[in-house]
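What follows is one structure encoded as structure tokens, with my remarks underneath.
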Amino acid sequence: MIKVPAEVPLARPALGSAGRTGTWRVLKPVIHYDKCTRCRLCFFYCVENTIDLEKNLYPRIDYDYCKGCGVCAQVCPTAAIEMVKEVK
Amino acid sequence: MIKVPAEVPLARPALGSAGRTGTWRVLKPVIHYDKCTRCRLCFFYCVENTIDLEKNLYPRIDYDYCKGCGVCAQVCPTAAIEMVKEVK
Amino acid sequence: MMLMRGNAACPGCPIPRELDALLEVTGEKTVLVVPASCSTVIMGDSRGMPSRVPVVHSAFAASPAIASGLKSALEARGEKATVVVWAGDGGTGDIGFASLSGAAERNEDILYVCYDNEAYMNTGIQRSGLTPFGAWTTTTPSGKREWKKPVPQLIAEHGVPYVATASIAYLFDYQAKVRKAKDITGFRYIHLLSPCPPGWRHDSSLTVEVAKLAVETGIWPLYEIERGKFRLTSISKTLTDKKKRKPVTEYLKLQGRFANLTQEQIKEIQDEVDRMWDEFSKLEG
Amino acid sequence: MMLMRGNAACPGCPIPRELDALLEVTGEKTVLVVPASCSTVIMGDSRGMPSRVPVVHSAFAASPAIASGLKSALEARGEKATVVVWAGDGGTGDIGFASLSGAAERNEDILYVCYDNEAYMNTGIQRSGLTPFGAWTTTTPSGKREWKKPVPQLIAEHGVPYVATASIAYLFDYQAKVRKAKDITGFRYIHLLSPCPPGWRHDSSLTVEVAKLAVETGIWPLYEIERGKFRLTSISKTLTDKKKRKPVTEYLKLQGRFANLTQEQIKEIQDEVDRMWDEFSKLEG
Amino acid sequence: MIEISLKGRGGQGVVTAGELLTKAVIMEGKFAQSIPFFGGERRGAPVSSEVRVSDKPIPLHRRVYNPDVVTVFDTTLIEIVNPLEGIKEDGVLIINSDNPKKHWKNTYYVNATDIARNLGLVVAGWSVVNTAMLGALVKVTGIADPELLEKAVMEEFPGKLGELNAKAIHLGSKEVKALD
Amino acid sequence: MIEISLKGRGGQGVVTAGELLTKAVIMEGKFAQSIPFFGGERRGAPVSSEVRVSDKPIPLHRRVYNPDVVTVFDTTLIEIVNPLEGIKEDGVLIINSDNPKKHWKNTYYVNATDIARNLGLVVAGWSVVNTAMLGALVKVTGIADPELLEKAVMEEFPGKLGELNAKAIHLGSKEVKALD
Amino acid sequence: MQRTSTRNIVKAMVGNHAVAYAVMQAKPQVLAVYPITPQTTMLEKLSEYVDSGKLKARMIRVESEHSAMASIYGAALAGARVFTATASQGLLYMTEMIYWAGGQRVPIVAAVATRAIASPWSILDDHQDFVSKRDAIWIQMMAENVQEAYDLTLQAFRISENPNVLLPVMMGFDGFILTHTMERVEVLPDDVVDSFLPPREFNLIDFSDPVGIGPVATPDDYIFFRHQAQKAMERAKAVIDQVGREFEELAGRGYGSTECYLCDDAEYLVVSMGAWTGDARVAVDRVREKGIRAGLLKIRAFRPFPKEVVRNVVRKARGVMVLDRAVSYGSGGVLGIEVKSASYGLDVPIHDVIGGLGGKDVRPMHVEKALEDLAVGALEEERWLL
Amino acid sequence: MQRTSTRNIVKAMVGNHAVAYAVMQAKPQVLAVYPITPQTTMLEKLSEYVDSGKLKARMIRVESEHSAMASIYGAALAGARVFTATASQGLLYMTEMIYWAGGQRVPIVAAVATRAIASPWSILDDHQDFVSKRDAIWIQMMAENVQEAYDLTLQAFRISENPNVLLPVMMGFDGFILTHTMERVEVLPDDVVDSFLPPREFNLIDFSDPVGIGPVATPDDYIFFRHQAQKAMERAKAVIDQVGREFEELAGRGYGSTECYLCDDAEYLVVSMGAWTGDARVAVDRVREKGIRAGLLKIRAFRPFPKEVVRNVVRKARGVMVLDRAVSYGSGGVLGIEVKSASYGLDVPIHDVIGGLGGKDVRPMHVEKALEDLAVGALEEERWLL
Ligand SMILES: Cc1ncc(C[n+]2csc(CCOP(=O)(O)OP(=O)(O)O)c2C)c(N)n1
Ligand SMILES: Cc1ncc(C[n+]2csc(CCOP(=O)(O)OP(=O)(O)O)c2C)c(N)n1
Ligand code: SF4
Ligand code: SF4
Ligand code: SF4
Ligand code: SF4
Ligand code: SF4
Ligand code: SF4
Ligand SMILES: [Mg+2]
Ligand SMILES: [Mg+2]
């Protein structure tokens with residue numbers, strides 16, 4: 001195959017294609033693990049895919065990219081996620 | 001209103017916009033009035049609108065424009081229309 | 001006579017009569033919008049046109065939109081007139097389908113008539129989305145593999161006030177539908193099956209016969225959908241009973257474009273027609 | 001994670017998750033075709049993209065056709081891959097509708113997903129044919145007057161093998177439908193209601209809640225039509241009984257775009273939903 | 001270079017005639033060009049086709065204005081389209097007629113309609129006279145090898161139909177006469 | 001001509017701030033121009049707006065590269081977008097902060113977030129700090145008549161909201177301080 | 001540049017709103033605008049006007065740009081004053097209808113918020129979209145600033161509907177750089193606009209005299225119509241200048257096909273079109289300070305192209321550089337080609353300076369540098385401002 | 001003009017069938033062609049080839065030209081050799097995708113059966129459609145006769161897929177005048193075509209190295225890509241000539257961007273493109289007989305425009321007339337503008353002779369007359385052959 005020269009308009013996969021979107025946050029989701037039942041709903045519904053599951057199945061938020069939308073807090077059945085004001 | 005100058009692409013109504021289409025005929029519909037019951041089907045179905053009705057409601061073909069398609073002969077319930085070869 | 005004699009339609013082409021019958025009903029205050037199609041050619045040239053009402057020629061995909069604009073402007077100047085799109089199946093169901101669907105969704109106050117000769121005839125018989133299953137065209141040399149796009153149903157799904165099918169063989173039914181459509185406000189759609197002797201490969205004298213058989217075999221049901229209500233019309237009312245319908249072969253065999261259908265394909269077509277009528281029975285019942 | 005973090009979606013936008021859930025099922029051998037839309041922006045820029053599978057950016061009206069070509073070429077080189085169009089409601093039901101209908105009519109072997117945020121969001125919230133009745137947009141300042149164009153039904157009328165609706169709030173249902181669609185050959189269509197916090201005027205945290213209420217109120221029924229057979233899915237199966245459905249106001253009241261609806265309009269909407277479910281009951285029963 | 005104008009009606013095979021002639025000439029190693037009438041062909045409506053034949057490459061692409069040969073498939077056209085317009089002083093007119101009039105000083109005629117009809121070359125009521133006319137044309141002008149013309153015809157219409165058309169060429173060529 | 005750069009985040013009203021300032025200047029009979037950041041605005045994402053103010057017509061349409069004044073609505077941006085790039089030697093930096101650092105020799109600060117919050121100027125969790133910042137900006141630079149700015153604000157936001165914003169201008173202007 | 005008439009009303013407006021305002025004052029009966037960045041906020045403003053009744057018109061909410069142009073074309077035939085606006089992909093998507101309207105010689109006004117063309121995507125400014133319609137039998141004018149965008153919009157209706165012209169007019173203005181930039185704008189009072197722009201008098205749908213509009217044309221007729229169109233373009237030159245003068249009487253701002261800045265004694269000339277003309281003006285001032293006698297020729301009317309003026313101005317220079325925001329790939333800058341062609345026969349060196357594509361910002365210093373290089377013979381035949 | 005190689009096979013074919021034949025020999029995997037006069041008989045022939053298995057390709061039966069170009073674009077990305085053909089309204093309807101494919105630098109071959117543009121309707125020939133794509137980052141070549149249409153189609157694939165080029169190629173040939181005219185054509189044996197045109201090696205869909213194709217580009221990247229495209233166009237000039245020479249070795253017919261006929265000592269030069277070049281050749285011969293030293297420069301590659309050659313040939317003449325079958329209304333003949341721009345700085349008078357629009361037949365005598373007038377200084381700056 002022809003090697004396509006760099007002069008052709010292409011993009012390559014990259015983490016943070018829009019930058020460190022964690023800086024966009026106004027409110028920050030904080031998980032109160034004591035309340036967490038590991039139901040994983042936050043993990044399923046985080047619209048940004050910024051919640052990982054630990055080995056022990058506890059959710060962990062990737063604050064580098066979490067945009068602070070609050071969906072996780074909203075879907076958490078035990079109100080284990082609190083949205084707190086970002087301190088900047 | 002502005003008079004639109006002749007330089008703008010327009011067409012005006014005209015009889016025989018494609019010429020004297022009667023000359024296109026290979027076969028010519030001839031009405032045998034003796035067989036005609038004045039049912040007017042030929043008049044209704046002449047696809048070219050080239051059949052007129054006389055005052056007495058007998059059909060008359062406008063040979064200047066009749067293209068000789070044969071639809072009239074086909075729809076005539078009494079076979080009063082015959083398609084004959086054009087003599088040229 | 002609103003559409004004058006001596007135009008460029010092929011011998012046996014029903015379009016001039018179809019147009020005349022339409023204009024008989026809609027009258028002098030009609031604007032015809034005609035996209036690229038055989039009707040473009042029939043409408044003459046810069047030396048003269050057969051129409052006695054204004055004709056707005058249109059790019060292939062543009063007629064529903066041109067009609068929307070025309071109607072809006074006529075309304076703005078207080079002129080009561082019927083704006084009619086007169087389009088082929090290709091302009092309607094293929095390239096112009098987004099524009100048509102848009103106008104239907106906006107419920108534009110226009111009457112859209114699709115004369116359906118089931119292929120691109122003006123360019124010499126190429127397949128359209130509305131070409132029926134099995135039909136030969138120059139771009140489907142061994143018959144079309146897909147089914148005919150059900151455009152009247154698709155438009156009806158848009159919730160427009162009036163949708164109807166019609167046939168040149170049932171002139172009164174056709175004109176009655178035009179009359180009804182004329183008096184309705186909003187988007188009205190009439191789909192007219194329109195045989196084409198050179199394209200369907202039948203003798204020019206058989207135009208009306210073929211159109212009639214399409215209805216009698218049930219391949220082309222005559223119906224209207226008025227504000228969502230479906231109703232069979234004319235002779236089609238009597239055809240829900242399969243025994244009353246002629247076998248589809250009667251229709252197919254007259255046309256060269258179906259000459260190479262296999263027995264299986266013919267059965268498929270017959271089954272499809274029967275299935276459709278079963279649904280009609282439900283809708284009507 | 002097939003769609004990487006840190007992309008340009010608004011906070012609370014479901015699109016990244018919707019895409020990721022799709023790609024989880026279709027896997028690495030997926031090509032995404034993305035027409036002009038919010039997703040174009042989400043797909044990054046010349047400096048990098050969030051997708052781990054090839055993305056083919058597309059002009060607004062071109063994606064069904066680009067996908068047709070891609071699939072044909074992949075097939076010609078013997079590559080088994082899923083070609084997915086990922087398009088907004090505007091690209092799907094307005095400008096791209098002819099192209100979509102054409103691909104459906106040809107039964108192209110592609111999976112078309114319309115993520116429907118019910119307006120042109122990328123250009124800043126303008127009405128589309130799929131904007132619901134009554135909704136505010138910048139081009140319908142006092143609410144849209146027409147009803148939402150019923151695109152899934154329209155596609156189903158084309159006789160394609162698979163059509164389904166889905167919702168981000170019912171992820172398993174959505175992914176099950178993608179899985180089913182992936183294994184079918186021919187044209188497959190999934191229509192995904194996709195809330196948009198700035199466009200629908202709801203708090204970014206309510207995305208899933210709003211999506212859920214759309215289903216629970218019956219405004220957004222979950223169903224699939226497999227080779228013509230209609231079937232309600234997931235929770236919607238339980239909603240044919242009107243009493244089980246929440247009133248539409250529960251859905252409407254969360255969204256600023258419906259803030260100026262009159263009581264009458266709300267009733268119209270409720271009636272329309274009820275009418276739709278009556279039909280579903282018939283179809284299912 | 002010889003320029004030929006073929007005039008007929010939709011359904012008579014005018015364009016095909018031009019192409020068959022062109023093929024035959026090219027088979028011979030010479031140069032030829034066939035330019036059809038540009039427009040929607042309707043059965044019965046006037047149609048024309050123009051042919052150039054030459055020993056050298058033909059650079060021209062304009063239409064033929066001053067034909068050396070005019071071939072009229074249907075004499076009723078003579079009034080309608082004035083096929084003789086521009087014909088060269090020493091040009092030749094070939095008409096399909098059983099009752100020829102002297103429309104031009106050098107007039108030839110053949111009853112191509114009868115030839116076609118007798119051979120059963122009739123499509124939808126139309127006698128397809130093109131091959132009989134070609135036979136006459138080649139005979140009168142000598143611009144193509146009749147055998148190659150037959151070969152071209154057989155390629156275009158394989159089987160039985162080709163044979164009939166080949167016969168039509170033959171008969172056209174045999175029966176064409178000068179009118180004096 | 002004075003060139004001003006306004007840096008903030010989607011939701012803070014950066015573009016509106018530039019336009020309000022421009023309007024106020026134009027009401028005064030002077031010339032001004034407001035050039036927003038060109039791109040999809042996402043809540044929380046960096047946004048900028050640039051303003052030119054002059055006594056004469058402004059022919060320029062390029063972006064502002066060497067601002068006289070840089071106004072930062074959210075100090076976290078200082079690391080991300082380097083708002084001081086190109087600032088004039090004697091340029092002025094105005095930041096929204098309760099805990100200011102000396103990012104630039106001429107730094108002014110105001111706690112616009114508190115002003116907005118106290119006035120209830122909060123939308124979707126965002127304190128809309130733009131008018132308070134404008135108040136500070138006008139106070140520090142004197143480029144617009146505060147009364148006209150208030151008028152512009154009242155036109156833009158009729159009623160109660162306008163009053164609150166006018167108050168914010170007032171407070172911003174009152175509370176801004178030089179950092180030394 | 002900008003002079004003031006006492007009756008003018010001063011406003012601060014972004015370009016899109018200024019154009020929308022002019023459109024409202026022009027009182028069209030039918031609009032059809034499809035959203036596209038950077039034009040959309042104009043559509044939104046117009047929707048607001050229509051919705052609130054400030055503009056009594058129908059806004060047809062079409063499903064594509066092809067239909068936008070088609071629907072206003074239809075409306076224009078039936079006598080309505082009409083307007084649309086678009087950009088980039090939208091302008092390309094309506095290409096067929098653009099040519100259609102031009103060929104039919106129907107008065108229409110369209111604003112183009114210029115934007116780069118994909119692929120790759122860019123929502124930012126250049127002129128590639130605008131120039132793509134230079135053969136389409138449309139008058140094309142381009143604004144330098146928000147004020148001009150407002151003024152030219154009003155003038156466009158007058159020019160388009162002039163019975164000696166009858167051509168659609170496209171008003172280009174730089175995307176974002178003007179559409180989204182707020183500037184001081186002097187608008188005319190409504191009654192002044194009414195006197196400048198009386199109700200439209202063009203109509204082709206007359207049931208007592210039915211015509212076929214845009215029929216098949218015989219070759220003789222076809223080339224005749226086209227020749228007439230070319231003549232109408234020629235006549236439009238005077239009309240553009242005349243309308244500009246009339247407008248000046250009302251508004252105090254003079255217009256015409258071109259504008260010269262320090263041309264008279266200019267040895268080194270910049271030719272430019274659109275918003276960066278202002279920046280070029282600054283560059284001219286700056287190099288003048290350095291002793292280089294520079295001048296600037298602004299092209300306001302791109303079609304009809306003011307060949308005669310260009311030629312006369314170029315003739316007097318020692319070197320010319322054309323600023324080009326659009327390229328005919330495989331040939332050169334589009335404006336450059338025009339200028340060279342119009343000046344054919346002269347021997348003043350003409351250089352192409354291509355820049356600003358896809359939103360790339362161009363600064364006076366780039367023009368300054370190019371002018372300095374031009375003066376010392378160091379400017380390439382084609383320079384790209386990368 | 002036409003030389004012969006012994007391995008060539010002589011056929012009699014109409015232009016559309018000759019191009020279809022070349023396409024079949026080029027072995028594309030994916031085609032998408034939408035019917036439009038005068039291209040349609042090519043589509044029909046290709047459909048036949050595909051249906052009968054002579055060409056193992058998929059013909060996508062799209063619903064419009066926009067989709068025709070879009071679908072072969074998609075196929076081209078995924079490694080298929082692709083082809084489409086269109087004309088006039090169809091070319092306009094796919095405008096957006098034409099620019100799209102050009103901007104993305106994807107090898108594609110499209111044939112354009114040139115035809116006038118509506119409104120008013122005309123199905124007949126001129127070049128207005130073809131030239132409307134001159135900015136679209138496509139190589140554009142135009143054939144003089146059926147033989148060239150065949151030859152250039154084959155060459156187009158080679159040029160397009162050349163790794164130093166990677167640009168789509170448009171092959172124009174006059175509607176009806178070539179599409180429907182039957183001429184002698186020498187075709188290459190299939191194996192010779194195979195050696196000339198090995199399987200395509202361009203592919204962007206690689207699941208082990210996923211890329212985003214045509215993403216939003218930052219301004220810096222955007223202008224970079226465009227600058228590279230312009231450079232690729234520049235490089236294409238040599239490739240066109242090189243491929244022409246290689247083709248000559250196989251076919252015995254030489255090609256290149258231009259062709260000169262009696263240029264060397266020509267005082268009066270005709271510049272021309274497309275089918276009427278042959279007629280112009282005849283006119284040149286005729287006026288030579290009358291003692292006027294005329295010559296002819298044929299433009300085969302319109303993009304990249306062979307500026308250097310044009311300039312060098314024009315330089316030697318005393319007067320030049322450019323035959324133009326397309327007009328940039330409000331400016332001048334399109335080819336004329338190019339020639340003047342390319343020749344800028346020379347002082348040989350260049351005249352525009354515009355004709356053939358909407359199928360209007362142009363005869364050698366028209367060219368003859370113009371040449372004679374040129375020689376005696378009686379040719380207008382712009383003459384229309386009405
Ligand atoms: C954009 C565009 N593409 C293609 C064409 C060529 N064209 C003209 S008419 C036609 C077919 C029309 O088919 P249909 O709408 O069914 O009408 P019919 O000719 O069968 O009456 C086509 C493809 C065109 N005019 N414009
Ligand atoms: C031909 C064309 N017209 C207009 C646009 C501008 N445009 C880009 S995205 C968009 C709206 C997309 O709406 P939708 O498909 O619903 O996707 P969303 O942005 O809502 O995700 C528009 C109008 C365009 N890119 N191309
Ligand atoms: S706040 Fe939003 S982005 Fe952040 S983890 Fe929660 S759901 Fe994900
Ligand atoms: S949703 Fe709440 S309870 Fe469930 S895993 Fe997340 S934090 Fe824990
Ligand atoms: S033959 Fe045809 S055109 Fe003539 S009268 Fe009968 S139906 Fe009419
Ligand atoms: S159809 Fe026959 S019977 Fe009836 S009116 Fe005509 S000719 Fe007479
Ligand atoms: S081709 Fe068919 S539809 Fe067209 S004019 Fe002829 S008969 Fe009528
Ligand atoms: S505007 Fe709506 S759809 Fe678009 S990215 Fe933002 S939330 Fe998502
Ligand atoms: Mg049709
Ligand atoms: Mg949307």
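Here the structure is a predicted model, which is why all the values come from computation and not from measurement. Chain letters run A, B, ... following the sequence lines, proteins first and then strands; every chain starts at 1.
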Among pairs that include at least one residue of residues 111-120 of chain F, which meet side-chain hydrogen bond (donor to acceptor under 3.5 Å, both in side chains), considering only residues two or more places apart or in two chains?
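Checked against side-chain hydrogen bond (donor to acceptor under 3.5 Å, both in side chains) - neighbours excluded - the pairs reaching residues 111-120 of chain F are F:N96-F:T113, F:N111-F:D114.
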
Closer than 3.5 angstrom, by distance alone: can the side chain of F:R43 be matched with the main-chain N or O of D:P11 as a donor-acceptor pair?
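Answer holds: no.
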
CZ-CG distance between F:R42 and D:N7, expressed to the nearest 0.5 angstrom:
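Nearest 0.5 Å value for the CZ-CG distance: 9.5 Å.
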
Between D:G12, D:A9, D:C38, which shows the greatest number of heavy-atom pairs under 4.5 Å with chain F?
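Sorted descending by pairs with chain F, the first entry is D:A9.
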
Do any of residues 13-23 of chain D have a heavy atom less than 4.5 Å from a heavy atom of chain F, and if so, which, in residue order?
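No residue falls under the 4.5 Å cut-off.
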
Count the heavy atoms belonging to other residues, nucleotides or ligands that lie under 6.0 Å from [atom1] of [X], then report whether that count exceeds 12.
X: D:K144; atom1: NZ; value: yes
X: F:E85; atom1: CD; value: no
X: F:N82; atom1: CG; value: yes
X: F:K105; atom1: NZ; value: yes

Run the salt bridge (Lys or Arg N to Asp or Glu O under 4.0 Å) test against F:K7 and tell me which residues pass, sequence neighbours left out.
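If we apply the salt bridge (Lys or Arg N to Asp or Glu O under 4.0 Å) test to F:K7, skipping adjacent residues, there are no hits.
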
With sequence neighbours excluded, what pairs up with F:V123 under the side chain to side chain contact (heavy atoms under 4.5 Å, CB included) test?
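Applying side chain to side chain contact (heavy atoms under 4.5 Å, CB included) to F:V123 gives F:V128.
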
